[in-house]
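The model shown is predicted, which means the values in this text are computed figures rather than measured ones.
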Amino acid sequence: MRGRGEEQLITPAFVWITTAALAYFVAIGVLAPVLPRYVEDELGGGGVQVGLAVGAFAVSAALLRPTVGRIGDQRGRRVLVIAGALIAAVSVLGYDLAVNLPVLIGMRLLTGVGEAAIFVGAATAVQDLAPSSRRGEATSYFSIAVYGGLGIGPVLGEYVRTTWGFHPTWAVAAGLCLLAMVIAAQMPDARPVVDPDAPPATRRWLHPAAVRPGVILALSSCGYAGFGAFVPLYIKQIGLDSAGGVFLEYAVAILAVRILAARLPDRIGSVRGASIALLLQAGGLGAMAVFASAAGLYAGTLIFAMGTSLLYPSLFPLVVDRAPDSERSQAVATFTLFFDVAQGLGAFVLGAVVSIGGNERWAFAGAAALVAFGFVLLRSAGRSRYEPAPSPSW
């Protein structure tokens with residue numbers, strides 16, 4: 001409920017944007033537990049090959065983020081979401097042609113093109129609509145679509161795979177991408193309202209407002225890269241038949257924290273919220289690595305999910321508050337570029353760690369160490385590094 005004098009956040013436009021994002025990220029979640037099994041069971045790959053296939057889409061997504069950000073600032077956000085969803089749908093259907101690893105990697109690179117467009121477009125449009133005092137809350141609700149989809153999707157993906165096989169799973173994921181495209185057509189053609197007297201936007205490969213928060217996000221996101229890629233393989237060691245229950249727990253925890261604590265980052269401050277989130281993530285991943293049992297996996301997943309749920313809404317306002325309106329998509333593109341880098345390099349590096357250690361638990365231990373380093377990086381910066389730009393445009 002809105003307080004007296006508080007600007008409205010939940011509008012029909014906000015709902016259209018987040019619903020389109022939800023459909024897309026459910027599709028990406030559907031692929032999460034199925035792709036590693038496909039590489040291992042159908043293509044005969046090992047840990048490194050799984051990491052390459054899982055993370056390949058992040059390479060093209062990362063390379064295209066800056067260009068996509070400039071397009072969003074110049075031509076609006078809706079075109080990014082519609083085009084991105086269509087490209088993602090076509091690429092996922094192309095997984096049916098993947099009779100070997102190089103073909104699959106090629107299709108994953110195309111998926112990354114769609115990923116770059118849809119995420120930057122939707123995330124920036126939400127911030128365009130959000131009152132400046134409620135940006136953390138807006139990010140919390142929007143990221144329900146992101147992480148909720150990544151949590152709910154694997155449950156659906158595991159069900160489709162175990163019931164009908166790999167190829168129908170690709171069709172379901174592609175259909176969800178097309179649904180996202182249809183919903184995105186209802187979005188307003190959101191564009192930044194720029195002061196005509198303001199200096200022109202500066203074109204840069206990396207927007208400075210997003211670099212430090214982005215690096216912290218990347219270190220944290222390696223945790224999800226390890227979790228998503230290696231939990232489906234790790235469960236065999238602890239006597240579980242399916243990873244669906246683990247991903248369901250992750251999804252429920254994400255949704256609960258995002259809904260019940262949506263305003264927490266705005267109330268306690270972004271730096272404090274991000275610090276708590278990183279500690280929870282490192283603790284949860286550490287528990288998965290130390291306790292080799294179903295109970296250890298489920299307990300670690302709960303703690304890890306709580307931290308993941310809080311981190312993104314805490315870091316994102318640090319980026320948006322420091323970027324001028326005319327450069328907002330570029331800042332968002334830089335910030336999310338680091339997420340892509342983590343998904344690509346994180347899965348590959350942790351796959352190599354698994355190959356050396358000989359056990360998927362090493363992926364969780366390595367991810368916990370990276371998240372802990374993110375905490376050190378966050379706390380080592382002076383508070384002035386995160387303060388809003390001195391002359392904001394709103």
Side-chain angles (χ1 to χ4, degrees), residues 25-59 91-92 94-96 98-109 111-112 115 149-170 172-173 221-238 240-248 250-251 285 288-289 297 301 304 340 342-364 366-367:
F25 281 103
V26 170
I28 297 303
V30 163
L31 302 174
V34 179
L35 196 63
R37 285 186 176 273
Y38 185 74
V39 173
E40 192 175 68
D41 297 346
E42 299 293 316
L43 303 183
V48 172
Q49 288 75 23
V50 168
L52 283 171
V54 170
F57 87 107
V59 175
S91 69
V92 173
Y95 293 7
D96 261 333
V99 295
N100 54 51
L101 188 63
V103 174
L104 179 61
I105 289 175
M107 292 298 104
R108 292 287 288 169
L109 289 171
T111 304
E115 161 73 16
L150 292 175
I152 296 169
V155 180
L156 175 60
E158 282 280 77
Y159 174 78
V160 175
R161 180 191 66 81
T162 56
T163 304
W164 293 292
F166 289 109
H167 300 298
T169 306
W170 313 144
V172 168
S221 298
C222 286
Y224 185 79
F227 179 82
F230 295 104
V231 162
L233 307 179
Y234 172 62
I235 59 169
K236 301 175 184 178
Q237 300 179 27
I238 55 176
L240 296 178
D241 295 327
S242 171
V246 178
F247 283 109
L248 178 61
Y250 177 85
L285 289 164
M288 296 180 212
L297 178 59
T301 296
F304 172 67
D340 293 330
Q343 292 300 296
L345 292 181
F348 176 75
V349 169
L350 294 176
V353 170
V354 169
S355 296
I356 294 170
N359 190 299
E360 283 78 12
R361 290 164 61 194
W362 283 93
F364 309 141

Between Val231 and Thr301, is the side-chain contact (heavy atoms from CB on, under 4.5 Å) condition met? List the steps. CA-CA 10 Å; Val231 162; Thr301 296; 5.7 Å; no

I need the minimum non-hydrogen distance between [X] and [Y], along with the two atoms involved.
X: Arg361; Y: Met288; value: CG-O, 4.2 Å
X: Glu158; Y: Val34; value: N-CG2, 4.5 Å
X: Arg108; Y: Ala56; value: CB-CB, 3.8 Å
X: Ala173; Y: Val30; value: CB-CG1, 4.2 Å
X: Gly223; Y: Ala367; value: CA-CB, 3.7 Å
X: Val54; Y: Leu35; value: CA-CD2, 4.0 Å

With the threshold set at 4.0 Å, does a side-chain nitrogen-carboxylate oxygen contact exist between Glu42 and Arg161? no

By ring-ring contact (aromatic ring centres under 6.0 Å, His included) - contacts of [X] (at least two apart):
X: Phe166; value: Tyr38
X: Phe364; value: Tyr234
X: Phe25; value: Phe119

Check whether any side-chain heavy atom of Glu40 lies under 4.5 Å from a side-chain heavy atom of Leu233, and answer yes or no. yes

Quick one: does Val354's side chain get under 4.5 Å of Val50's, heavy atoms only? no

Rounded to the nearest 0.5 Å, the CG atom of Asn100 sits from the CD1 atom of Ile105 at a distance of 9.0 Å

Will you find, in the side chains of Thr111 and Tyr95, an N or O donor that is under 3.5 Å from an N or O acceptor? yes

Leu350/Trp362 under side-chain contact (heavy atoms from CB on, under 4.5 Å): CA gap, chis, key distance, verdict: CA-CA 8 Å; Leu350 294 176; Trp362 283 93; over 6 Å; no

Sidechain-backbone polar pair: Thr162 side chain, Tyr159 backbone, donor-acceptor under 3.5 Å: yes

